Structure formats: C-alpha cells, structure tokens
Number of protein chains: 2
Amino acid sequence: MDGEGRSIADDSVPSAAETPTLAHVARLAKVSENTVSRVIRNKGPIAPETRLRVNAAIDALGYVPNRAAGSLASSSSPIIGVILPSLSNIVFPEVLRGINAGLIGTSYRPMIGVTDYSLETEQDIISSLLAWHPAAIITTGFEHTTAARRMLEGSRVRIAELMDIDDRPIDLAVGLSHREAGRAMARHLVQRGYSRIGYVGHDWTADRRARLRYEGLCEGLSETGLSLVAEYRTEAPSSTLEGRRALASLLADGAAIDAAAFSNDDMAVGGFMHCMAAGMPVPDGLALMGFNGLEIGQVLPKPLTTVLSNRFAIGKTAIEALLETPQRPQEARIIDTGFSIIEGATA
Amino acid sequence: MDGEGRSIADDSVPSAAETPTLAHVARLAKVSENTVSRVIRNKGPIAPETRLRVNAAIDALGYVPNRAAGSLASSSSPIIGVILPSLSNIVFPEVLRGINAGLIGTSYRPMIGVTDYSLETEQDIISSLLAWHPAAIITTGFEHTTAARRMLEGSRVRIAELMDIDDRPIDLAVGLSHREAGRAMARHLVQRGYSRIGYVGHDWTADRRARLRYEGLCEGLSETGLSLVAEYRTEAPSSTLEGRRALASLLADGAAIDAAAFSNDDMAVGGFMHCMAAGMPVPDGLALMGFNGLEIGQVLPKPLTTVLSNRFAIGKTAIEALLETPQRPQEARIIDTGFSIIEGATA
DNA sequence: AGTCAGAATCTCAGCGCTAACATGTTTTCA
DNA sequence: TGAAAACATGTTAGCGCTGAGATTCTGACT
C-alpha cells in the first residue's frame, strides 16, 4: 500500500546502478545504521529478531560493506601487508600459501609487495603498505634500512619478520635457526662417514640466511676437526641451472670431495642433474645434500638428502600468532618452527 | 621566535604519536588542503614554487597519505584484486610475478585471494575484493558461478580473465589457446615420427585448460589419421610425484606406446624420473612431451621437449592493458600471448 | 584602460562507515 | 518494590581525503 501519496524519502532501495549503502539497509530493516553496522561486525548485543531482519535486508539488497569507509572510520583495516623478497623461488609462494591458509575464514586479505631482495624497495613498500593502516605487516629477515625500521617500529601495526630467528625481532619472528641448520648438515654428513666436504652455493649478498647456513656448516665441521676442502659460489641467484653449472665447475677444478653441501635444494637438484649427465654415481662417487625439502628433490631417481624448512608452517604460524594478539605486545617474541633432516638416498 | 604568546592554532606540526594528515601539511606549507592533494596526485596546474613548498612540508612531516580516506572520497582505490587458483603450482606465482612487474612504478598494489580451484570460493573472494572498489580484478579462466559473473559484470571495475582465450571474456582475456597448444603437441610428435602416442594427465575436473589441451591433442592426432593408443589420468592434482606414478602405471598396464604426452611439465618431469629409475631410455625407448616450459624441465639430463606458455608475459600484459584504459571498454578484448614449442631432447 | 582567458588556488560539502555516548527497556535481586 | 545491572537500540560527530565549483590573480590583447 504505497498509494497514499508520494512517500517523503522512500530511498530504502537504492536506485539502479547505485550501490547500496548501510543507510539503505538500515531503512529497509527499519533500524539505525549503527545497528546494521553492529550486526555486520557482530559486535555488541543484538536482539535475534533484529539480526534476522537486518540480514534479510542485506541479502535483499546484495549489500557489500565499503571497506574504505570502514577503514577510515576505524583507522584500521583488514589488510595484511606481505612483503616477499621474490616470487621466482617456490619457497616464498609457499610462505604466502601458509599465510593465506591462516587467513581462511577471516575477512583479512593479503596485500603484497616484492622487494627483489632490495632493502630500498622494501622501504618503499613498507611506506605504501602503512598508508592502508593494515592490521599487520609481514616481512622477511631482520635486515631493513634505518628508515624502514623506524617506520615499522613507529607504527602501531603488528610486525612479523619471517624465516630467520638468529637475531632480535621488532615484534615477532617466526622461522628457524639457519645457523643451527647448517651445523645439522655438517653433523649429518660427518656421521655418514664423509670427510672431504665441499660447498656449492649461490650469490648470498642479499641472502643472509644462506650465509648463516654456510657459517653453521663450517662451525659444525670444525667441531669435529674438519673443514671444507673446496667451495664454489656462483655470482647469480640460486637456480637449478646454476647448481648444475656450479658443481660441474667445482669438479672440473679438480676438487677431491666425497660430499657436496649445497646452499639449497634448487642448487642441489642441479648438482644431481650434473652427476646424472656426467655418469657420476650418487652417493658413492659423490654425496649430495641440500636445504629446504622441496618436492622436486624427493622425486629424483634417488630422493635428495636435505633439511626440511617448514615454509608453509612459518606463514601459517605467523598469521595465527599475529591475529591472536591484535595489539603489539611489550616483549618481542620468537617462534621456532624448527627443521628436520630428510634422510634421502644421496648422502 | 614563538615567544610572543601562545599561538591560537599552531597545529601545523602534529603532536607526537599523531600521524600527520593533509591538514598538517597544508598548514605547514601555507596552502589549502586541496592544493596539497593536487600536488600529491599531480593533478591540475601548480606553481613550481608551491610544489616545492608542499613537497618540503611533506618531507619534513614524513607525511604518508591515508589510502582509505582517498579511496572513500574518490570511490576507487589503487588496488588490483588478483584471484589465483593455487599457490602450490609455480605457474601461478609466475603470473603474479608478471602482474607485479607490470605494477612497478605505479602506486597500485595487488591484493590476493586463492580459490583452491573452487568457484564458490572465487565468488566469496570477488565479493570481498569488490568491497575495496579496486581498479581492476584479475582472475583465471572463464568459469565463474552465476552470482560471481553477475558481480563482475555489474561492477564498473575492469576485469581480466587470464590464461585462456578459448571463450568470450567479460572485459579482457589474456592468455593462449590451450586447444591450439594441444594440436601443436600432436603435430610435433607426429612430425618426429611417433605414432603410438599415449596421454598421461591429472585430475582435470577443475582444470578446464588441461582438458582443452587434451582435446586439442586428440583433434591434432585425428587430423593425421591417428588417435591416442593409451591414456591414464590420476585422480589427484598434478605433481611431479603423480606424474612419476602415472607413467609407471600406464606402462605397467602393458601400454605399447612410443611417446607420452603429459598434461603439463610437472607430470612430464615425474615421468622422466620414472624412466631414469626404470632404466627406460628417453626418447629412444619412450619419448616424453610436456606443457609449460618450466625451468626444471630444461635442467634434466635431457632437456624436456615441451610447450612454452608465457606465464610471466600473461600477467604483465594483462596489467599493462588494464592500466592503459581505466574505464571498461564497450567491446571485450582478447590478447593472445601465444605459445612456442621448446625443442628439447625428449621427443 | 577595459576585457577576458587561463592559471593558480580556495571553499565546502560530502564519501560510507564507526566510536562514543545517550537513551530507553527489560531483568535481577536485595 | 525499587535500584542497579544488563540489554537493545538510537544520536551525533567525525575519520582524512577528493570533486565540483567558486574565487582571485595574472598577462595578453584590444
């Protein structure tokens, strides 16, 4: 019955091509905007009947809250800033996958930036992410420019630094001790009876963790009275191809080694490929050990002996810890997700 | 000299722990907020001297614009919604890498969602991304729920559907014809003299493109009077391990084939591993052909014969095309990024 | 000197939502 | 039975920015 004259403000339904707002929902459900807002955010007490009415109106209009408005009003947003060094290496997508897994069922969304291992780029990304007043920022490692560190510390946003735990975090660190992982590699190889151990690595100027593993490896060896008898580092970032080339170079130089420790699995798989192509028996002619525990290593004709870094768990754990405590705590916290040796058939 | 009494409103500098706003910058630079806004967005005429003064104030305060406020006021935001089916497969991170590359130098940021190949999940993600009024939404393929399609079409946001071009896009499609790629595989194998060709694939209920390649393969073969002599599809998603198992199963069933066409490189690399472990010579005992052109395939002792899908280019091209035209055009557009055969040593 | 276009800037009203507080309405329990 | 506590809602004032339309100020050209 709306024949009794034109109603004064019948804009309870938005005109076509106009996106419905809280106000539309409120009018249709005959409650205040604030009540609708509280229903949506599930905040404060709501009478069951009211909730029903509001939800019906939301469905009827196909209302979707405007996040920008919400963020502005509450000066915080359901965004998780995620800063990754690279997307070329499967390791970081796996961390992202963990982050995403931890976000399922929440209304948070990851907003990403890729640094290409440049601290200056990281700084720019941090500043542009902070402009969204995100709930948290997740980045990698402990190395940041001074300005970046100041921004991170100065913001009230929660900060997670992933992968590494060998230093003091700003707020939260989740990862593993790469130094310890390196030592574990040394111990494993020595236990297996190898004594002439070589190192094959990639350019680590921007990869602190690879260097930490290298240092751990050296320490581990020296604890048993050994040391590296040969080493080769490429000038390129890690890749399977570089690994293949690097091992070939090391052996071509006449290195007399019975085992090669690689900076990571990509490199080690490349090394394995070289051995196959060159007819070098593994592990009897040469033992190989990697780091990461990538799937590809486990599908080789002989599964690669390596160290499992729980990338997925790192991402997921970080998100869970961050969401658990929205406010930055007084004390920084470190979560060790550990590592484990994968006893393959190559070392 | 600020000793001459307390100034009435000297809040040109924000009090500590208060983030500076446009208003602070404006006061410090002695211009209106709007002028600062125009300097920042580089919009409208600004006197060089004013620009300098404003930029100095911005630097002095370390001002960072509040994106939520900007988005609310302009009802659009520098966000690119990116919806990916999965992060487990390196293919999609590579697309994301392309997207990211196309975004460098702009202030757009990707906000991501992962569907795990579920159309319902895609629909939820679309709705939650639209809540940000993004500049564009990039998703995969042409299959969407009815509601999702309606949301995409109804929004004024630009939409790109990636990977596939074998159908009609909503707005923009960037990718390659998987059907044609399948035909090309058939032609290549036939040209090389193989005639007893088998197919090894993964579960494609959610992977339309794998099915299209399969169909193209069959069509290509039948054009030369041939057809598949054996095929095996796993019930699991594609992986190297599944590929290895699948080829083993197919051969164990006694299939008399001289070449195996795989649904993708992951599967093909797994197949290669099986051959190595089983002592089957490649390609003389069995030829192998994949699809994608992943790095790992090219590092095998014999580089894998495969089809290069330009994942990185797909992402980058899509972004470039989207940013070039902020408004959705009348006519939907298709960009074919093509494919090419990688002549490896396995087929 | 008068007019006018264009450049440079300002004023002002929101964008759609939420925080904080105010108000009214029940329930609880001494 | 009355006061306090708990519940259920409403009212109001922004959050920090941008868009549209003034307004002021130049200089160019009659």
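Chain identifiers are assigned alphabetically (A, B, ...) following the order of the sequence lines, protein sequences preceding nucleic acid strands; residue numbering begins at 1 within each chain. Given the structure is predicted, the values throughout are model-derived calculations rather than measurements.
Only one option out of B:Thr115, B:Asp116, B:Thr121 pairs with B:Ser118 in a side-chain hydrogen bond (donor to acceptor under 3.5 Å, both in side chains); it is B:Thr121.
Contacts of residues 32-48 of chain B with DNA chain D (heavy atom under 4.0 Å): B:Glu33, B:Asn34, B:Ser37, B:Arg41, B:Lys43. Within residues 66-78 of chain B, the residues approaching DNA chain C are B:Leu72, B:Ala73, by heavy-atom distance under 4.0 Å.
A:Leu87 CG to A:Leu96 CG: the interatomic distance, rounded to the nearest 0.5 Å, is 7.5 Å. Atom CG of B:Leu152 and atom CD of B:Gln123 lie 10.0 Å apart (nearest 0.5 Å). Distance check, rounded to the nearest 0.5 Å: CE of A:Met111 to CD1 of B:Ile80 gives 10.0 Å. Annotation: the span from B:Arg158 atom CZ to B:Ile319 atom CD1 amounts to 10.5 Å, rounded to 0.5 Å.
Between the side chains of B:Asn55 and B:Arg51, not a single donor N or O lies within less than 3.5 Å of an accepting N or O. With no hydrogens or angles considered, no side-chain donor-acceptor pair links A:Thr140 and A:Glu161 at under 3.5 Å. The closest side-chain donor-acceptor pair between A:Ser77 and A:Arg67, if any, does not fall under 3.5 angstrom.
Distance CG (A:Leu22) to C1' (D:dG10): 14 Å, rounded to an integer number of Å. A straight line from CD of B:Glu49 to C1' of D:dT26 spans 16 Å, rounded to a whole angstrom. At whole-Å resolution of the value, NZ in B:Lys30 and C1' in C:dA8 are 19 Å apart.
Between B:Arg51 and A:Val64, the residue anchored nearer the 5' end of DNA chain C, judged by the nucleotide with its closest heavy atom, is B:Arg51.
Under 4.0 angstrom from either OP1 or OP2 of C:dT9 there lies at least one side-chain N or O belonging to B:Thr50.
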